[in-house]
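Below: one structure, written as structure tokens.
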Amino acid sequence: MSIALVCGAWEIAGRVPISLAFPSFFDTAAAFWRMTLDGSLPIAFLITLHPLVIGIGISIVFGVGLGVTMGLSRGFEWLAAPVFIVMQAAPMAALIPLITFVYGIGLTAKVLAVCLLAVPVVVLNSYAAVRNANPSLVQMCRSFQGTRLQQIMKVIIPDASPVIFAGLRLGVAAGFIGIVLAELLITPTGIGDLITYHRAVANYAEMYASIVSIVVFSAVIVSLLEKVEVVLLRPEKRIKGTPE
Amino acid sequence: MSDQVAQAAQSAGSDPIVRVTGISKRYEGGVQALEGVDLDFPEGRLTSLLGPSGCGKTTLLKIIAGLLEPNAGEVQVAGRRVTGPGPERAFVFQDFALLPWATVTRNVAFGLELQGISKAERREKARHYIREVGLTGFEDRYPHELSGGMRQRVGLARAMAVDADVLLMDEPFSAVDEQTRRKFQEDLLHLLSVEKKTVIFVTHSIEEAVYLSSQVVLLSRRPGRVSKIIPTDLGGLESPDAIRRSKRYLDTVEDIWGMLKQYLLEDEIK
Amino acid sequence: MKVFGWRVPMMFSLVVWLVVWEIIGQAGWMFLIPPFTDVLRASFELLGSESFHKSAGVTLSAFASGMGIAIAAGIPLGVLMGRVDAVDRLLGMWVNVFVSAPLTALVPIIMILFGFGQTTIIVTVMLFAIWIIVLDTRAGIRSVNPSLIDMARAFCASRFQLYTRVLILAALPEILAGIRLGLIRGVKGVVIGQLLVAIIGLGELFELYSRNFLMDKFWAVTILLFAFAIAASSLIEMLERRVEYYAGARG
Ligand SMILES: Nc1ncnc2c1ncn2[C@@H]1O[C@H](COP(=O)(O)OP(=O)(O)OP(=O)(O)O)[C@@H](O)[C@H]1O
Ligand SMILES: [Mg+2]
């Protein structure tokens with residue numbers, strides 16, 4: 001319902017028109033169809049997703065590993081946590097021009113851009129999750145003579161997994177920001193190329209269609225991950241909604 | 001039913017200040033909370049509402065406060081029909097409902113602040129009632145620095161400060177421990193003997209109801225109806241201990257328990 | 001972390017990292033990483049230079065206006081969504097989408113609609129910052145203890161008093177958290193906006209220094225920017241700590 005309303009408002013605004021560079025909703029939708037049918041949009045998506053998937057994969061392995069280690073070891077926490085806290089709060093995008101220097105304009109640079117934005121949030125969530133694992137559960141495990149390894153594998157990690165997973169979801173969202181930024185700043189490829197190209201030749205409907213499609217795509221992925229999170233890891237949320 | 005009401009009012013010996021007629025309330029989800037409730041609350045007396053959990057006591061109190069609209073019937077306070085909250089009624093909340101960012105003084109004076117009364121006058125009144133409820137020395141503390149009993153005293157002082165004729169109390173002592181509760185009951189009785197107030201008091205404790213009030217209203221299970229009005233004036237006995245040991249007190253408690261037990265048994269059979 | 005029985009605060013480890021940086025820089029392994037002391041010197045030079053003042057001023061004013069609009073519009077919107085279910089149903093989905101969407105992709109649209117100037121940057125900052133403010137304000141209003149609302153009404157609060165004396169104050173912890181997160185996002189917005197537009201403010205400096213391989217200056221601008229972002233967010237964090245005791249009272 002609210003989708004229809006917003007699309008309607010967009011259509012009206014496009015018809016008025018607010019600006020020459022503001023196509024109506026139907027024009028944009030038509031452009032979306034054209035680009036899907038002639039294959040340019042699907043191909044662009046594949047090109048964009050390639051570094052994104054690699055980057056997110058690296059971020060997850062590296063970020064969760066680092067975050068969990070930080071949560072478990074006080075010394076490591078002391079050394080590493082402030083760096084990631086700074087990275088989280090600071091505009092890391094400023095460093096993207098630098099990446100271009102070192103790794104040129106290829107795949108590596110883009111993967112790095114994704115990692116740069118995704119790793120801090122993944123690390124900090126895993127770290128906080130492990131660090132705040134329920135202490136009475138840990139004590140319970142110790143009272144049953146669990147070893148440290150058992151403590152970690154059977155109590156701390158399972159207890160921390162919902163928050164770690166939430167961190168992954170935020171990491172994926174950050175990765176999308178990273179890849180779009182990389183494609184607009186470093187070199188136009190994939191979706192970034194479509195946006196830049198259609199803007200240059202003033203095909204505004206096509207440009208809007210590319211932008212909307214990537215935004216919607218990322219929103220769908222992120223909300224899908226949220227659903228997975230609820231189903232797999234949050235039994236208490238699932239119960240909600242059934243009568244008491 | 002209605003001559004029962006009249007009888008109770010007579011035994012209390014004064015005119016009703018709050019009159020509830022034909023109140024029904026149905027919540028949006030379809031729950032019928034109250035059905036055809038007629039009640040008179042005599043002026044200057046404490047009336048307890050007692051009944052099984054979920055029978056609509058809170059609902060009735062909120063309707064009298066003007067916080068909820070009934071689906072049928074009306075409430076009159078001092079002869080005027082209630083359409084919303086008014087200055088002649090004040091509410092004491094079960095969970096205290098104190099503003100966590102405000103000091104004791106400001107919390108006590110909150111009702112006055114909303115009425116736009118000058119700061120000096122607010123201070124003066126707040127100080128008076130803070131002393132009345134025994135919180136002198138805590139004027140500048142924040143709620144999170146107080147114990148449960150002290151927080152409820154703040155809630156009580158706030159209700160007293162607006163100088164309403166009718167105090168509406170929803171299980172005011174259920175969140176404090178037993179010792180504090182007893183002390184509090186004494187203090188409340190003392191306070192009421194000084195300031196002439198009408199109190200409508202919801203509780204789960206039969207002992208508390210019988211001990212504090214001039215009449216106990218027993219509500220039936222949902223949908224709540226008035227099932228019995230029990231006059232319980234234990235006046236004449238001076239000390240609290242004497243009251244708690246008197247035969248009349250013990251008999252009344254036993255009677256009410258007998259009636260309430262009926263509901264529990266019926267529940268079990270179902 | 002304890003060394004010889006002394007508690008060393010966590011943020012202190014940043015000094016260790018800066019020393020590592022200095023060593024790498026001095027060793028000259030990477031052209032990209034000049035010694036930290038050089039960067040520091042460049043920062044001070046920059047702080048005194050005319051061109052930096054100008055671009056920092058432009059950046060700051062865009063940031064401040066964008067944030068101002070985001071706060072001024074975001075809080076009322078969040079309050080409305082917290083109180084009126086119809087508005088919440090209408091807008092909830094969009095706010096949730098935008099809060100995690102790659103808004104960077106929208107900057108090209110903003111550029112063609114608003115030109116290559118200050119307006120674009122302001123709109124970008126606002127777009128980055130506003131959603132989290134709306135979302136947190138809404139959450140704050142929703143978590144206000146309902147009996148606090150009943151209380152205000154029972155004591156005859158007017159609608160205006162209910163909002164200004166109770167609801168906004170009760171939701172303050174969440175609202176401040178939203179503003180702090182919005183601030184962090186706003187800084188990212190201003191940087192991304194200026195990098196993409198590339199001809200105004202700090203974006204121009206980034207472009208200039210990186211084209212001419214002035215690494216110490218490039219890092220100096222970055223460090224100053226980071227320092228600003230962190231200073232601004234810790235300021236709000238300090239305010240948050242002052243209202244921290246609310247949370248306990250919610251329990
Ligand atoms: N806002 C509401 N919406 C729908 N139903 C409600 C609402 N508030 C209360 N009810 C229902 O109305 C009935 C009466 O509620 P009420 O709170 O008045 O009972 P009560 O007598 O105060 O119970 P208790 O002794 O447990 O406090 C209950 O069955 C309750 O589930
Ligand atoms: Mg109740």
Side-chain angles (χ1 to χ4, degrees), chain B residues 28 58-59 61-68 82-103 106-117 141-146 148 151 154-155 158-164 166-172 175, chain C residues 75 79 82-89 136-137 139-180 236-251:
Chain B
E28 264 166 44
T58 300
T59 307
L61 208 62
K62 285 193 174 169
I63 289 174
I64 296 174
L67 293 170
L68 282 178
V82 165
T83 52
E88 75 288 351
R89 282 155 291 149
F91 210 105
V92 178
F93 290 82
Q94 177 176 5
D95 62 353
F96 322 137
L98 301 182
L99 306 173
W101 57 86
T103 59
R106 189 154 169 232
N107 263 301
V108 170
F110 186 67
L112 306 170
E113 183 184 333
L114 292 178
Q115 292 170 10
I117 287 168
R141 297 297 185 85
Y142 287 89
H144 68 280
E145 301 171 309
L146 306 178
R151 286 184 207 176
V154 177
R158 176 177 59 193
M160 304 288 281
V162 290
D163 202 19
V166 182
L167 286 186
L168 307 168
M169 306 176 103
D170 189 6
E171 304 188 35
Chain C
I75 293 178
V79 171
R83 292 289 290 170
V84 186
D85 278 335
V87 178
D88 193 43
R89 271 198 301 277
D136 276 13
T137 304
I141 294 286
R142 294 245 153 177
S143 73
V144 173
N145 182 351
S147 81
L148 224 49
I149 299 171
D150 272 347
M151 189 277 286
R153 288 183 52 212
F155 286 100
C156 309
S158 67
R159 188 165 275 261
F160 181 73
Q161 284 174 326
L162 175 65
Y163 280 88
T164 54
R165 306 264 168 114
V166 177
L167 282 173
I168 299 275
L169 289 172
L172 203 59
E174 282 88 354
I175 294 179
L176 282 179
I179 291 180
R180 177 170 52 82
I236 305 284
E237 214 168 328
M238 252 161 59
L239 279 179
E240 275 180 72
R241 219 161 295 136
R242 289 191 54 181
V243 298
E244 209 170 48
Y245 53 85
Y246 286 25
R250 290 240 177 92

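Letters A, B, ... are given to chains in the order of the sequence lines, protein chains preceding strands, and every chain is numbered from 1.
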Subject >> Heavy-atom closest pair, residues B:Val92 and B:Pro172 >> reply: CG1-CB, 4.1 Å
Select one option (side chain, backbone, both, neither) describing which atoms of [X] are under 4.5 Å from chain C's heavy atoms.
X	value
B:Leu168	neither
B:Phe93	side chain
B:Phe96	neither
B:Arg158	both
B:Gln94	neither

Original post:
Quick check: does any side chain N or O of C:Arg153 sit under 3.5 Å from a backbone N or O of B:Pro85, one acting as donor and the other as acceptor?
Top reply: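 Such a contact is absent between C:Arg153 side chain and B:Pro85 backbone.
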Original post:
Does the side chain of B:Leu99 reach to within under 4.5 Å of the side chain of C:Arg165, using non-hydrogen atoms?
Top reply: no
Subject >> B:Pro143 and B:Val154, any side-chain heavy atoms less than 4.5 Å apart >> reply: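 B:Val154 vs B:Pro143: side chains apart.
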Subject >> Derivation and outcome, side chain to side chain contact (heavy atoms under 4.5 Å, CB included), residues B:Val166 and B:Glu88 >> reply: CA-CA 6 Å; B:Val166 182; B:Glu88 75 288 351; 5.6 Å; no
